[in-house]
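What follows is a short report on a single structure.
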Amino acid sequence: MSESKDFLRTIVEKDLEAGKYKEIVTRFPPEPNGFPHIGHAKSICINFGIARDYQGHCNLRMDDTNPTTEDTKYVEAIKDAVEWLGFEWDDGVRFTSDYFPRIYDYAVELIKMGKAYVDSLNEEEMREYRGTVTEPGKRSKYALRTVEENLDLFLRMKKGEFKDGEHVLRAKIDMSAANMKMRDPLLYRIRHAHHYRAGDEWHIYPMYDFAHCLSDYIEGITHSICTLEFENNRDIYDWVLDTLRLKLPRPYQHEFARLAINYTVMSKRKLLELVEKGLVSGWDDPRMPTIAGYRRRGYTPESIINFCDQIGIAKANSMVDVAQLEFCIRDDLNTKVPRVMCVLDPLKVTIENYEGSEEFDAPYYPHDVPKEGSRKIPFSKEIYIERDDFMENPPKDYFRLTPEQPVRLRHAYIITCKEVIKDADGNITEIKAIYHPDSKSGSDTSGINVKSAIQWVDAKTAKAVEVRLYDRLYSCEAPEGLEDLNPDSLKVIKNALVEPAVITDKPDERFQFERQGYFYADPVDYTDEAPVFNKIVGLKDSWSKKTKAPAKSERKPQAKKVQVEGEVAPMSEHEQALFDKYTGEFGLNSEVANTLARDEKLSSFYEDALSTLNSPVSIANIVANEVARELKEKQADELLFNAKQIAQLVKMVDEETISSNIAKQVFEQMVKSGEDPTQIVEAKGLVQISDPSQILPIIDEVIAKNPDNVAKFKAGNTKLLGFFVGQVLKATGGKANPKVVNELVEQKLK
RNA sequence: UGGGGUAUCGCCAAGCGGUAAGGCCUCGGUUUUUGGUACCGAUAUUCGGGGGUUCGAAUCCCUCUACCCCAUCCA
């Protein structure tokens, strides 16, 4: 759990404090038309996580309003995924389809209120009538139908008397709304289709915008959390619930940015395509970003939850680096799984001076993992090592076996290369070596220094296994289509060799194959006769990074972005006249004058205040900077304060009765209560303190309390001046004259 | 182009007028019979650009720019 709260939890806490809800209720509402992916995992963690954090609860709801795409197999997949992640829902799974009768009743209600009508335009006409983003739409003539006609038609739609597409039910909102979603959105459409749950009972199905808000309401959801692309839909959400005048409390929708990960596609459509075209083995192919895929790959629920926690929740569209996910699974498995040895690309080594056989007892866990357990590793004259772990002509920093450099066989002896055997083509086929009898692991008296220990297996006893090496499914960071698929995303090694204990003792289902990565016994294809391991993730490898570094100059040297300055709209004649007056006659700087002159509300407010107090610059500053904020979404007559009061406020600042700091506080208060500034100042005793003899002791106190920062300041960190001033100001409730404080602090610290 | 959003390190992300958190990545170093882990250290004088207000601005005001979403009888 990160220590800082995300914006959703901030909202929830505020609502709880305000007593808006007794209990927090969230929901995870997928449509059962595909397998859930890691983006859903994020949503699951958010919704179930918030419910857990605030002692509420979270429903699992199938948003199944479209009979043509949904299926029971997907609801099972969704349930599996949520359960596997470790979350629980109570009262069973919910289904929007269970609410169809109630949703239908609400639609009838809306018709009766004259807020919904049956439209009979065809699809094309409807699109034309909707207008465009810049041009308003126009309403269909069918909107004129009477309530009775609408009721009758809607009932007959329900009974199945019409063909698909003949009629729809629409909300009567506003065909010229700037938000396109509000141009009389569809509420119901006719679909003569079999619903996987509701069967053939319904001939009409509610649209998302109508069903979702009502389902939330029916379940008593308090916070309806969804992704950013639904921001425009929020207006309908609110419209439906408000228009129906439902009993409060009602849910509110909040949006967060969906998860995107580089080298990954997250669209259900594209994932479906991969499955249908057989480009992957199924929804649970270990390369798929589906929860089922990660699960089959060997990821743990903990690692995914931890990942969701680490990436945070915000509203900025972002692309998370897949390295972050990989870190999470390594981090989790590091402390959990046994270490064993496996050779993927075997190179035979014959130890010429060794006869017979023996067994080494080797712990499953390294010294820094506090877990018990060990196994026996057989050893004899013929072994296999990884082909990579021998080099005839090594680069400078190569730590492994070479003709000149001995190496330790992990948990066993040190060996030295004596001869390299090659085939006709010059490929190395075998190494002849000798071992050092006094170098046995744990009782080494040989005094030989080796730079590394490598994995190996005994030729006679090693087990052949299949290992599936998975790499990222796509080869480019922001993949779009099939052309971006990584052709090498799966490499199958049929005859990897693993030490026998892995198969015979089965100490776990996940392993670290030392120096290679984490692997998982495939839950589907693994058998005792033909074991199969999936590579979950490789170990961090600073060696290959070093050697392959030049190849990865992926990042283009990003040309410095040139900021294009757009043109500012010219002022009208009237605005220009004002601007000239403000800069000339009143002596305002051009920026403030510009702000004022261009805004009718501000300029009239300004002149109004000016008629009370002749202090053009000070008034202009406060109007352009503070009042402007309040006037952004309100009209002048909606404000609780007026121009005259602003003039009073400015007067106090001009006369130095209060500091500008206090003036801001007072202004806040005026915004909320409309009280006179003089009253506020009097009531709270906000008169400015400028007398050094009153301020000095406070400064001394602050300095005494922060010796570290004093030292830092004296060492040259002058930014800390602001810290000290802030502390002193805080101690005086903001009343100290900041200019004086600044000077005094500076003197004191010199 | 109307409307709705978003911009803080290579990637995420805190911050809500008073010292620019944290994680991932990267780079050094220590420990290590895994080139793993762990541990130490480095890495934003600056918050999309430009102005303004203020003793003090990532935070308030103005303005410009870039990106995302909306014109499915999908969700």
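The analysis underlying the following values was restricted to heavy atoms, covering all of them including side chains, and did not include hydrogens, waters or symmetry mates. Letters go in sequence order (proteins before strands), and every chain restarts at 1.
Among the atoms of the strands shown, none is found under 4.0 Å from any heavy atom of A:Glu135. Across all strands shown, A:Ile311 has heavy atoms under 4.0 Å from sugar-phosphate atoms exclusively, and none from any base. At the heavy-atom level, A:Ile414 lies nowhere under 4.0 Å from the strands shown.
Here A:Phe723 does not lie in a stacked arrangement on the base of B:rG18, lacking the combination of planes under 30° and ring centres under 5.5 Å apart. Once the 5.5 Å centre distance and the 30° plane angle are applied, the aromatic ring of A:Tyr208 is found not to be stacked with the base of B:rA75.
Taking 4.0 Å as the cut-off between side-chain N and carboxylate O, A:Asp174 and A:Arg183 do not count as a salt-bridged pair. The residues A:Asp164 and A:Arg189 are annotated as not salt-bridged, no charged nitrogen and carboxylate oxygen being separated by less than 4.0 angstrom.
One cannot find a donor-acceptor pair under 3.5 Å joining the base of B:rU34 and the side-chain atoms of A:Gln516. Scanning atom types as modelled, no donor and acceptor separated by under 3.5 angstrom connect the side chain of A:Glu565 and the base of B:rG50.
A:Tyr188 has its ring centre less than 6.0 Å from the ring centre of A:Phe154.
Contact check, A:Ser318 against B:rC11: no side-chain N or O comes under 4.0 Å of OP1 or OP2. Close to B:rA75, at under 4.0 Å from its OP1 or OP2, lies a side-chain N or O of A:Arg189.
Atom CD of A:Glu231 and atom P of B:rC68 are 15 Å apart (whole Å). Distance A:Leu720 CG to B:rA20 P: 8 Å, rounded to the nearest Å.
A donor-acceptor pair shorter than 3.5 Å can be found between the side chains of A:Asn306 and A:Gln310. Looking only at atom types and distance, the side chain of A:Gln253 has no donor-acceptor partner in the side chain of A:Tyr237 under 3.5 Å away.
Glycosidic conformation, B:rU72: syn, with the torsion inside 90° of 0.
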Note to self: Generate the contact string for nucleotides 37-44 of chain B. Rules: B means base contact, S means sugar-phosphate contact only, - means no protein heavy atom under 4.0 Å.
What the structure shows: B-------
